[in-house]
Amino acid sequence: PKGLSHLEALASWLQKNSTARWQVQTWVESAGETAAARAEKRRQLLIRFFERKGLNVTAWEWQEGESGGAQLRMTMVTDAP
């Protein structure tokens with residue numbers, strides 16, 4: 001529940017900065033095929049969540065983060081006009 005409230009707040013902020021492009025890294029808990037599959041599932045869930053909030057995520061760069069890194073890291077690639 002706490003994570004969802006953080007995502008809701010992030011989506012709200014992103015809606016106000018919707019013209020910016022983002023590099024998005026999602027967490028991988030360990031190396032291996034199973035971990036990569038879970039990371040891909042998380043990425044798909046995040047994409048659907050943000051799309052349901054009205055965000056266009058097609059221009060975002062999605063990457064696997066480092067094992068043990070931040071669960072979600074977003075870096076602005078270009079400034080919003």
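Note: hydrogens, waters and symmetry copies are ignored here, and every other heavy atom, side chains too, is used. The structure presented is a predicted model; accordingly, all values stated were derived computationally and were not measured.
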Trainee: Identify every side-chain donor-acceptor pair in residues 51-59 under 3.5 Å, counting partners at least two apart or on other chains, and give the distances.
Mentor:
residue	atom	partner	partner atom	Å
Lys53	NZ	Glu8	OE1	2.8
Lys53	NZ	Glu8	OE2	3.3
Asn56	OD1	Thr58	N	3.1
Asn56	OD1	Thr58	OG1	2.6

Trainee: How long is the gap from CZ on Arg73 to CH2 on Trp22, to the nearest 0.5 Å?
Mentor: 13.5 Å
Trainee: How long is the span from the CZ atom in Phe49 to the CG atom in Leu4, to the nearest 0.5 Å?
Mentor: 5.5 Å
Trainee: Within a strict 4.5 Å, meaning less than it, do heavy atoms of the Glu61 and Val77 side chains meet?
Mentor: yes
Trainee: Mind checking what makes salt bridge (charged side-chain N to carboxylate O under 4.0 Å, His left out) contact with Arg38, not counting sequence neighbours?
Mentor: Glu29
Trainee: In Å, rounded to the nearest 0.5 Å, how long is the span from CZ of Arg21 to OG1 of Thr75?
Mentor: 12.5 Å
Trainee: Between Leu45, Leu46, Ile47, which is the residue that forms a side-chain contact (heavy atoms from CB on, under 4.5 Å) with Arg43?
Mentor: Ile47
Trainee: Quick one, Phe50 and Val24 - any side-chain contact, counting heavy atoms below 4.5 Å?
Mentor: no
Trainee: Contact between Met74 and Trp60 at the side-chain level, heavy atoms closer than 4.5 Å - yes or no?
Mentor: yes
Trainee: For the atom pair NZ (Lys41) and OG1 (Thr26), what is the distance rounded to the nearest 0.5 Å?
Mentor: 13.5 Å
